[in-house]
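Order of listing sets the numbers, starting from 1, for every ligand and every atom in it. Residue numbers run from 1 in the order of the sequence given.
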Amino acid sequence: MDCPTPTPGEPMASSYDLTKSSGALEADEIIDTSCQFCNSNCRLKVHKKAGRIIEIRGEDKDPVQAGNLCVKGPM
Ligand code: SF4
């Protein structure tokens, strides 16, 4: 993990991502489903932790989606 080492007396870089590699945001269940919003029916990966949805992503292995969704999908 490439975390910057804070220097005493200097502010942390604003680009530091506090959520990266956070155990609190690691899913304990990933459900495969599809978006029903339009006729594209994109594949969805619904990431859940302790029964709550923490992230919704597209299918990484899909050559068109490449893990992405339009703005409506995650809504
Ligand atoms: S993610 Fe967007 S493009 Fe894909 S099915 Fe849902 S609404 Fe349609």
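Other residues sharing the hydrophobic cluster of I31, ordered by chain and number and joined by side-chain separations under 4.5 Å: L44, V46, I53, I56, L69.
Considering every non-hydrogen atom in both C42 and Q65, the closest pair reads CB-NE2, 3.4 Å. H47 and A27 make their closest contact through CB-CB, 3.8 Å (heavy atoms, listed as atom of the first residue, atom of the second, distance). Pairing each heavy atom of G73 with each of C35, the nearest pair is CA-SG, 4.0 Å.
When the side chain to side chain contact (heavy atoms under 4.5 Å, CB included) test is applied to K72, the partners found at least two apart in sequence or on another chain are F37, C70. With sequence neighbours excluded, the residues that form a side chain to side chain donor-acceptor pair (under 3.5 Å) with D32 are K45.
Looking only at protein N/O/S atoms, the ones less than 2.8 Å from atom 4 (Fe) of ligand 1 make 1 in total.
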